Amino acid sequence: MSDKSVEDTLTGKPVPFRGGGFLPRPKKIVAPIVFIGLIAFWEWGCRTGFISPLILPAPSEAFEAFMNLVNTGLLWQHLAASLQRLLIGWFSGTMLGIIVGTLIGLFSIARSGLQPLVSAIFPIPKIALLPLFIIWFGIGEGSKVATILFGTFFPTVIATYGGIDNVDRGLIRMGQSFGLTRMSIIRKVILPGALPAILSGTRISAAIAIILLVAAEMIAAEYGIGAYILIAGSLMATDQLITGVAILSCLGLIFAWIIGRAEKYFLKWRA
Amino acid sequence: MDLNLRNITHRYDEVEVLRDINLDIKQGQIVCIIGPSGCGKSTLLRMIGGLERPASGEVLQLGDPPADCLNPLTYIFQDFALLPWRTVEGNISLVLENHPLDAAAREEIIADVLARTKLSDFRKAYPRQLSGGMKQRVAIARALSVRPAVLLMDEPLSALDSQTRELLMDDLVDLWEKENYTAAYVTHNLAEAVRLGHKIVVLSRRPGEIRDIVEIAMPLSDRTSENLELEAIQKRLWNLMRDEARAADMELVDER
């Protein structure tokens with residue numbers, strides 16, 4: 001059934017469209033184009049002398065330095081040393097952070113006692129504490145891992161108790177009303193509910209771990225990407241410096257990708 | 001098992017929310033509790049199930065729940081309270097996991113309640129994939145799985161659209177016809193109350209006091225939508241509540 005009176009007076013103009021927009025969507029090809037374009041421009045600038053080699057080495061030079069690393073086999077030694085520190089420090093920092101964050105999220109005493117402490121220590125640059133870490137944990141791997149551990153611990157604590165605070169009270173009450181044990185409620189309701197926040201916390205802590213890697217390897221490290229960058233810097237070998245920085249950036253991308261996969265897997269119940 | 005509420009009075013800080021509530025919930029009866037918003041009816045329901053403690057007075061269980069009952073006082077919540085990270089069957093199995101049942105017994109209960117709520121095809125679905133009405137059916141299935149002695153329903157249909165509400169109401173009536181469950185049913189919807197209630201308790205606005213208790217003898221199956229007797233009762237209830245509702249509407253709310 002159509003409205004006859006409308007059809008009879010078909011002289012109006014269409015209502016102007018004014019909705020839509022405000023919904024940026026990722027377009028797959030744009031990122032590589034920007035990336036390649038930027039590097040091509042940089043290479044072109046160096047070749048033509050538009051960018052002086054003193055200011056910035058050409059990408060091709062940095063790539064040469066990288067191939068040099070690969071060919072001498074040093075790359076794997078650097079990477080192995082760095083990855084070991086990163087993974088041990090980040091993993092233990094995250095685990096401890098989740099435990100302490102859960103305590104703060106669940107218990108009044110832990111909350112009153114530890115929350116202010118966390119707020120007080122979180123903003124301290126861990127690099128400033130490096131000398132103390134050396135005294136406490138020795139000049140070897142201990143102090144390097146400790147730097148990364150401390151750096152990743154605090155953001156994880158904050159993400160975890162923030163996530164627990166945001167768990168729907170209605171779900172907890174539901175658990176209680178069905179007579180679930182306290183442990184069951186923590187394990188099956190609270191922790192899964194806090195998981196999205198914990199995972200986004202690990203994104204931040206993974207980035208912090210990489211940032212702190214360079215700081216950690218300032219302490220008498222023979223191998224490691226951070227050490228490589230520091231040596232290159234002190235020798236003004238800017239091509240090696242760029243190579244090292246690019247490797248760190250790739251590490252960051254890989255970590256972010258892995259965490260993205262983990263989110264997809266663990267949070268598949270979300271839309 | 002019957003429930004008996006004695007002299008229940010409650011206050012949040014200085015605000016008195018419930019005053020001297022005395023009420024019986026008899027086995028096989030649906031008791032509807034209605035009242036203007038903020039009158040403490042949900043609080044009262046939480047007290048009946050032991051989720052909140054009244055400032056004074058007590059809720060008594062008279063007699064023992066049936067032996068096979070896993071969770072005598074079981075809620076159905078307005079917002080369903082399903083774990084979004086568990087599937088339909090996972091949500092039901094959640095409330096069975098703390099009980100000493102082997103996997104086969106648990107599976108048998110899950111299959112049975114899913115069949116009774118016509119959800120068998122949705123076993124593996126996540127809550128986000130379900131409509132509001134389906135979610136509430138899952139919550140009902142979950143409640144049935146622990147074989148409750150008394151169902152405590154906190155506005156179970158209020159989050160649903162009116163068509164779904166009709167469908168679920170029919171389901172609740174059918175279920176009662178079959179199983180004669182006992183229930184305390186909190187609602188602000190008078191039509192729901194006269195459709196489901198054997199006994200309708202009208203609370204006044206804050207502090208909630210019992211203004212009236214209306215018993216409807218008509219069997220649930222006879223309560224069709226155009227029933228003059230029910231309409232008369234509904235009108236009477238509305239007359240009781242109107243001024244209270246208007247006054248409650250003008251109040252500032254500061255609940256919790």
Side-chain angles (χ1 to χ4, degrees), chain A residues 23 94 98 101-102 105-108 111 156 159-203 258-271, chain B residues 42-43 45-53 65 69-88 90-100 124-130 135 138-139 141-155 159 256:
Chain A
L23 198 67
T94 304
I98 290 174
T102 306
L106 292 177
F107 302 105
S108 308
R111 167 152 308 211
T156 312
T160 305
Y161 77 68
I164 290 178
D165 287 352
N166 278 328
V167 173
D168 186 354
R169 294 286 116 180
L171 293 181
I172 296 172
R173 197 176 292 144
M174 180 277 291
Q176 292 175 322
S177 80
F178 278 96
L180 300 197
T181 59
R182 197 179 158 77
M183 203 55 216
S184 282
I185 292 178
I186 294 172
R187 219 157 44 83
K188 297 172 185 171
V189 180
I190 293 178
L191 287 181
L195 194 61
I198 295 174
L199 282 174
S200 55
T202 58
R203 261 181 201 285
I258 293 173
I259 294 169
R261 300 299 303 183
E263 274 178 343
K264 268 225 175 80
Y265 176 76
F266 286 113
L267 308 181
K268 60 174 182 287
W269 46 272
R270 294 202 302 198
Chain B
S42 293
T43 309
L45 197 72
R46 284 205 289 274
M47 285 167 182
I48 298 175
L51 286 181
E52 206 162 324
R53 215 178 263 142
C69 170
L70 297 175
N71 189 46
L73 303 171
T74 299
Y75 283 88
I76 293 173
F77 297 95
Q78 179 178 359
D79 58 0
F80 324 127
L82 300 174
L83 299 184
W85 48 88
R86 286 202 179 210
T87 58
V88 168
N91 266 289
I92 298 171
S93 117
L94 172 82
V95 301
L96 301 172
E97 285 163 12
N98 268 168
H99 297 286
K124 304 280 181 202
Y126 282 98
R128 76 176 148 86
Q129 298 171 293
L130 302 174
K135 283 185 203 157
V138 177
R142 177 178 63 187
L144 294 176
S145 74
V146 291
R147 305 193 195 99
V150 181
L151 279 174
L152 304 172
M153 302 194 248
D154 188 4
E155 308 215 12
R256 276 163 293 147

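In this text, all values refer to a predicted model and were calculated from it rather than measured experimentally. Chain naming here is simple, since letters A, B, ... match the order of the sequence lines and numbering starts at 1 in each.
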Worksheet, complete the sentence: Residues of residues 189-200 of chain A with a heavy atom under 4.5 Å from any heavy atom of chain B, in residue-number order, are A:Val189, A:Pro192, A:Gly193
Distance-only donor-acceptor pairs under 3.5 Å for side chains of residues 261-271 of chain A, two or more places apart:
| unit_1 | atom_1 | unit_2 | atom_2 | d |
| --- | --- | --- | --- | --- |
| A:Glu263 | OE1 | A:Arg203 | NH2 | 3.0 |
| A:Trp269 | NE1 | A:Phe266 | O | 3.1 |

Discussion item. Testing the basics here: between B:Leu83 and A:Lys188, what is the closest heavy-atom pair and its distance to 0.1 Å?
Written reply: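 The answer is CD1-O, 3.6 Å.
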Worksheet item: Which heavy-atom pair separates B:Ala81 from A:Gly170 by the least distance, and what is that distance?
Response: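 Looking at all heavy atoms of both residues, the shortest contact is CB-O, 4.1 Å.
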Discussion item. With a 4.5 angstrom heavy-atom cut-off, is it the side chain or the backbone of A:Ser177 that approaches chain B, or both, or neither?
Written reply: both
Worksheet, complete the sentence: B:Lys135 meets the salt bridge (Lys or Arg N to Asp or Glu O under 4.0 Å) criterion, sequence neighbours left out, with none
Residue [X] versus chain A: region with a heavy atom under 4.5 Å:
{"X": "B:Val95", "value": "both"}
{"X": "B:Leu70", "value": "neither"}
{"X": "B:Phe77", "value": "side chain"}
{"X": "B:Leu51", "value": "side chain"}
{"X": "B:Leu152", "value": "neither"}

Discussion item. Out of A:Gly175, A:Gly179, A:Ser184, return the one with the most heavy atom pairs under 4.5 angstrom to chain B.
Written reply: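 Most heavy-atom pairs under 4.5 Å with chain B: A:Ser184.
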Discussion item. So A:Phe178 and B:Arg142, do their side chains get closer than 4.5 Å, heavy atoms only?
Written reply: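 A side-chain contact exists here, since the closest heavy-atom pair is under 4.5 Å.
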Fill in: B:Arg128 atom CZ, neighbour heavy-atom count above 12 within 6.0 Å
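Atom CZ in B:Arg128 is crowded, with more than 12 foreign heavy atoms closer than 6.0 Å.
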Worksheet item: Can you tell me how far the CZ atom of A:Arg173 sits from the CG atom of B:Asp154, to the nearest 0.5 Å?
Response: 9.0 Å
Worksheet, complete the sentence: To the nearest 0.5 Å, atom CG of B:Asp79 lies from atom CG of A:Leu171 at 7.5 Å
Worksheet item: Listed by chain and number, what are the ring pair (Phe, Tyr, Trp, His ring centres under 6.0 Å) partners of A:Tyr161, not counting sequence neighbours?
Response: none
